[in-house]
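Reminder, nothing fancy here: chain letters follow the sequence lines and each chain counts from 1.
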Amino acid sequence: MATNAAFLAAEESKPPRKIPITVQPLWQAGKSMKALTWQAKECVRLVDHEPPDLTDDADVLVQVTGATVCGSDLHLYHGEPFELKPGDILGHECCGIIDKVGPAVKKHKVGDRVVVSAVIACGSCDYCKKGLFSGCENTNPSRNMEEMYGHVFSGIFGYGHITGGYPGCQAELVRVPFGDTNATHIPDDVSNEKALYLSDIVVTSYHAVRDTGVQTGETIGVWGLGPIGLLICQWLKFFGVGRIIAIDRVPERLKLAHDKYGAETINFDEYENVPRRVLELVPKGLDRAIDAAAFRYEKSTKTDTSDIMNECIVSTKKFGNVGLIADYLGYADGFNVGAFMEKGIRLIGCSQNPGQAYVAECMEHVRQGRFNPLDIVTHRFRFEDIEEVYKRFDQKKGGIVKPFLETHFSAPRDPQSPPLQRDVWVDVQT
Amino acid sequence: MQAVANAVQGYLGPEPTSVDPGYKAREDGSTMKALAWFGTTNVKVIDAPIPDVTEPGDVIVRTTGTTICGSDLHLYHAEILALQKGDILGHEFMGKVERVGPNVTKFKPGQRVVCSFQIACGECQFCKQKLSSMCDRTNNSSLMQNMYRQRTAGFLGYSHFTGGFPGGQAEYVKVPYGEVNLLPIPDDVSDEQAIYLSDVLPTSYNAVVDTGVKEGDVVAIFGLGPIGLCAVKWAQAKGAKTVVGLDKVPYRLETAREKCGIQTIDITENKNVAKKLLELFPSGVDVSIDCSTFHEPKTLLHKAQKTLMLETDSPEQVNEMIAAAKKFTGRIGLTAVYAAFTNNFNIGALMEKGVTLKGNGQAPVHKYWEEILQYIRGGKFDPTLMISHRVPIEDMEKLYDAFDRRNVPGLEKVFVETAASAPPAPGCPTTTRVDDWPRIYFDA
């Protein structure tokens with residue numbers, strides 16, 4: 001059975017891949033910081049934890065000034081088989097201030113404001129050199145992933161031992177391997193509230209659009225209007241798309257996509273047969289489709305389902321592209337390979353975002369006001385309330401899309417961003 | 001399954017098309033030999049009425065060469081939906097123009113032509129881009145419309161799932177939109193060189209070009225039937241650095257090694273195909289192309305699922321190719337026919353490795369056939385390397401059996417002659433009979 005425990009046991013029975021860095025950092029004895037840890041399915045706990053220390057020469061330590069919760073954190077929250085151990089620190093999106101630098105670090109000094117990429121890359125292997133940073137060969141020791149996929153993708157912060165088991169950044173201090181590659185300077189005129197999201201969702205949505213492709217005037221379908229899907233809509237508009245067809249069930253998210261980006265929306269609670277509705281709106285079929293939904297899990301040996309992919313395939317025109325940016329893990333049943341092959345569909349696995357290849361360009365778009373991550377930042381909470389934030393984010397209640405979590409080290413709030421809410425649930429109608 | 005498929009399609013009624021696949025016999029009642037389907041592994045050479053012109057764009061072709069295809073075996077095994085008893089099969093043929101409809105001005109009677117396996121209208125948005133296999137207007141299958149939401153073009157002789165057009169394993173064939181779907185054959189090109197412009201040559205070419213073989217690539221071709229063999233040659237023509245061929249039939253592996261000079265992997269000896277490929281190419285394969293079949297699952301798990309109809313197609317090949325693919329830049333093409341649904345598809349690996357998986361689709365013959373004809377005329381590509389045998393059309397039934405069993409050494413693509421055929425071209429096989437062919441009997 002594909003359980004977290006089974007995957008972990010399999011991983012531990014195999015010799016790890018050799019990589020040139022140490023995954024588990026040294027810890028500063030006698031000191032304490034707050035960190036969000038995974039304990040069990042649907043049980044995350046904010047604990048007092050020793051802070052990490054510099055471990056390898058290229059490391060930097062970052063004092064976190066902005067954190068958040070991700071849609072993909074919810075897979076971990078629900079105990080999906082990413083090889084989690086009780087006590088693992090989660091989180092892969094943060095911005096902060098350089099606290100210490102290792103002797104081999106050239107680009108950063110103490111006090112610099114940086115955003116940390118979710119993807120941990122070495123910067124010097126063949127993949128990194130080609131800009132394919134999430135294909136880095138030097139940061140993920142998981143033999144289990146290598147067997148499942150033929151190759152590994154890079155290590156990721158706070159995302160289970162199948163991606164290395166690196167302590168994450170839902171914490172007050174985080175150790176960043178290969179600091180020159182994985183921490184990026186934030187310009188003085190970009191607030192933390194904007195810069196934080198270049199760790200993952202801004203570059204990931206950008207990558208999805210670049211990888212799936214877009215031409216001016218096309219009609220493109222987006223399945224899933226979480227933060228990724230919504231930012232994909234923003235990028236599509238940025239690139240001059242003709243029409244966006246956006247699919248979800250959460251009313252506030254459908255409204256946001258429609259109001260801000262002119263998307264024509266489909267609520268799949270209303271339209272059970274999504275492809276039929278898409279083809280009513282677009283008889284020729286979509287030029288391209290992007291799956292930014294989530295793999296939904298069955299209680300069997302399968303970890304993934306084909307439902308969304310199949311909807312994308314039948315809704316897209318002959319010889320059209322379907323891009324998968326939503327996380328998939330393993331095997332799915334009922335994949336409509338006949339339609340896929342006969343219609344000449346191009347199915348593009350987008351992989352994890354190679355953010356380091358895009359971050360400078362995206363930072364400049366944000367700085368110039370051409371792209372605004374704050375469109376979808378709906379709430380601001382305190383980092384110490386993160387346990388409740390996970391619950392609310394999971395339930396998608398009260399119009400929450402993406403939160404900003406402030407720490408004790410945070411700068412004063414960017415006035416364009418939402419005000420602080422000390423009670424996580426106060427604006428939720430009961 | 002056929003009964004259900006036909007019933008559902010009958011109930012749904014036909015989709016609108018701009019062409020009629022219907023059959024009209026000649027007034028003089030003349031008949032011809034044709035290969036028709038009657039059930040699972042049940043095909044017969046029958047006497048069928050010679051078809052007449054029914055629409056102004058029709059051309060009737062007197063067949064001088066036809067053949068059998070690996071994909072015909074899916075019909076033979078009743079794996080394609082909506083077959084009906086008496087359907088004439090066959091989608092690859094050539095011949096001489098015999099009779100034309102009133103709107104046809106491009107062809108003269110007696111002119112040599114080869115037909116594309118797809119019937120395209122020439123005018124819709126796809127035909128205008130020469131994507132003839134995706135013509136919107138020639139396939140009336142409401143069943144396909146429901147399963148795929150869009151329809152491919154109609155195909156000759158490939159069941160009512162693809163429009164129900166009577167096929168080319170016959171002495172006469174009615175070709176709708178004849179001026180669009182027939183290519184004139186120049187005098188300096190023999191019948192054996194031209195016939196495979198109908199399907200195999202554009203299909204193998206499409207597999208390589210669509211999936212995107214580039215100079216310097218490492219390419220793995222899964223399946224070394226005629227499509228795979230030609231795909232190997234096209235990949236080499238496009239500058240691949242290394243091509244590896246995979247199959248399980250010993251004579252096919254040998255043919256690939258001898259005729260194409262490539263390394264081969266026997267998949268019965270190397271059951272973990274991905275592991276073997278990654279031993280040879282640790283960072284992975286640039287391009288993998290599936291030129292095999294969905295028809296034969298390898299593992300017990302998928303044999304069981306197919307038997308129990310839990311799935312129609314097997315994912316094993318695709319999963320192997322995904323595991324062996326290079327991260328991010330790896331490309332996989334499915335040219336082998338897939339029909340419906342599969343289980344256990346390794347979507348996690350696909351997504352996380354950033355692999356691009358392309359359904360190559362049915363090859364748009366009209367996009368490529370003139371270009372390929374130039375390769376042939378210029379001596380740069382010799383299609384006759386795939387022709388291993390020649391038989392008369394009367395042997396068509398037995399040919400299906402032999403082709404299915406693959407127990408005839410050296411059997412690749414067969415040239416099937418009719419009474420109207422020219423004699424064999426120099427260097428090409430002379431006529432034999434299926435009953436006289438030596439057989440090898442594999443161990444169980």
Side-chain angles (χ1 to χ4, degrees), chain A residues 126-127 130 132 134-135 137 145 147-153 211 275-276 278-279 284-285 291 295 301-306 309-310 313-319 321 324-352 354, chain B residues 125-126 129 131 133-134 136 144 147-152 210 274-275 277-278 283-284 290 294 310-313 315 318-320 322-329 332 334-362 364:
Chain A
D126 277 346
Y127 281 95
K130 290 187 188 139
L132 304 169
S134 42
E137 295 274 278
M145 181 187 283
E147 285 181 9
M148 275 173 62
Y149 294 168
H151 297 90
V152 295
F153 63 78
D211 226 23
R276 179 183 297 157
V278 174
L279 293 166
K284 290 200 279 191
D291 177 0
F295 69 91
T301 53
K302 294 298 157 293
T303 52
D304 302 43
T305 73
S306 302
M309 231 194 342
N310 287 347
I313 287 167
V314 300
S315 301
T316 301
K317 70 179 186 191
K318 291 175 274 191
F319 285 129
N321 285 7
L324 305 183
I325 191 68
D327 279 318
Y328 283 86
L329 170 66
Y331 293 85
D333 283 345
F335 171 52
N336 194 345
V337 67
F340 168 74
M341 180 265 157
E342 295 287 357
K343 286 177 61 171
I345 297 293
R346 286 78 244 279
L347 185 62
I348 299 166
C350 296
S351 188
Q352 296 300 323
Chain B
Q125 52 163 338
F126 285 99
Q129 298 172 72
L131 299 172
S133 51
M134 299 299 190
D136 279 331
M144 184 185 282
M147 280 173 67
Y148 298 172
R149 303 308 167 113
Q150 280 85 32
R151 289 165 279 146
T152 59
D210 187 45
K275 183 161 165 221
L277 284 168
L278 291 170
S283 64
D290 186 0
F294 74 91
L310 291 170
E311 63 181 11
T312 53
D313 303 40
V318 180
N319 287 347
E320 285 167 353
I322 293 171
K326 258 198 191 145
K327 287 181 284 191
F328 279 112
T329 56
I332 301 173
L334 302 189
T335 272
V337 168
Y338 282 83
F341 291 87
T342 187
N343 294 331
N344 259 104
F345 169 57
N346 196 346
I347 186 175
L350 176 88
M351 181 265 160
E352 296 289 3
K353 283 178 66 169
V355 169
T356 297
L357 177 66
K358 294 186 186 186
N360 296 130
Q362 293 297 330

Taken to the nearest 0.5 Å, the spacing of A:Leu347 CG from B:Ile332 CD1 works out to 10.0 Å
The interface call for B:Leu278 against chain A, heavy-atom contacts under 4.5 Å, is side chain
Checked A:Ser315, A:Gly150, A:Gly349 vs chain B; the most non-hydrogen pairs under 4.5 Å come from A:Gly349
If one checks every heavy atom of B:Thr335 against chain A at 4.5 Å, the contacting part turns out to be backbone
Please check if the side chain of A:His151 supplies one atom and the backbone of B:Ser283 the other of a donor-acceptor pair under 3.5 Å. yes
Of the listed A:Pro354, A:Gly135, A:Ser134, A:Gly285, the one with the largest count of heavy-atom pairs under 4.5 Å with chain B is A:Gly135
Nearest heavy-atom approach of A:Ser351 to B:Lys353 is CB-C, 4.0 Å
When the 4.5 angstrom heavy-atom criterion is applied to B:Leu277 and chain A, the contacting part is neither
Fill in: Test item: A:Arg346 side-chain N/O and B:Gly359 main-chain N/O as donor-acceptor pair under 3.5 Å
yes
- Side-chain heavy atoms of B:Met147 within contact of A:Val314, under 4.5 Å: no
Between B:Glu352 and the options A:Leu329, A:Asp327, A:Val152, A:Leu324, the side-chain contact (heavy atoms from CB on, under 4.5 Å) test singles out A:Asp327
Honestly, the part of B:Asp290 sitting under 4.5 Å from a heavy atom of chain A is neither
When the 4.5 angstrom heavy-atom criterion is applied to A:Asp211 and chain B, the contacting part is neither
Show your reasoning for whether side chain to side chain contact (heavy atoms under 4.5 Å, CB included) applies to A:Phe335 and B:Ile347. CA-CA 9 Å; A:Phe335 171 52; B:Ile347 186 175; over 6 Å; no
query: Parallel, tilted or perpendicular: which describes the rings of A:Tyr127 and B:Phe328, with under 30° parallel and over 60° perpendicular?
result: tilted
Quiz item: Do A:Asp333 side-chain atoms and B:Asn344 backbone N/O form a donor-acceptor pair below 3.5 Å?
Solution: yes
d(B:Met351 CE, A:Ile348 CD1) to nearest 0.5 Å is 12.5 Å
The interface call for B:Met134 against chain A, heavy-atom contacts under 4.5 Å, is both
If one checks every heavy atom of A:Met309 against chain B at 4.5 Å, the contacting part turns out to be side chain
Test log, rule side chain to side chain contact (heavy atoms under 4.5 Å, CB included), inputs A:Phe319 and B:Leu131
CA-CA 10 Å; A:Phe319 285 129; B:Leu131 299 172; 4.0 Å; yes
- [ ] Decide yes or no for A:Leu279 and B:Arg149: does some side-chain heavy atom of the first lie under 4.5 Å from some side-chain heavy atom of the second?
- [x] yes
In short, B:Asn343 meets A:Gly334 closest at the heavy-atom pair OD1-N, 2.7 Å
| query | Do B:Leu334 and A:Phe340 come close enough that some side-chain heavy atom pair is under 4.5 Å? | reply | yes
Exactly one of A:Glu342, A:Lys318, A:Lys284 clears side-chain contact (heavy atoms from CB on, under 4.5 Å) with B:Gln150, and that residue is A:Lys318
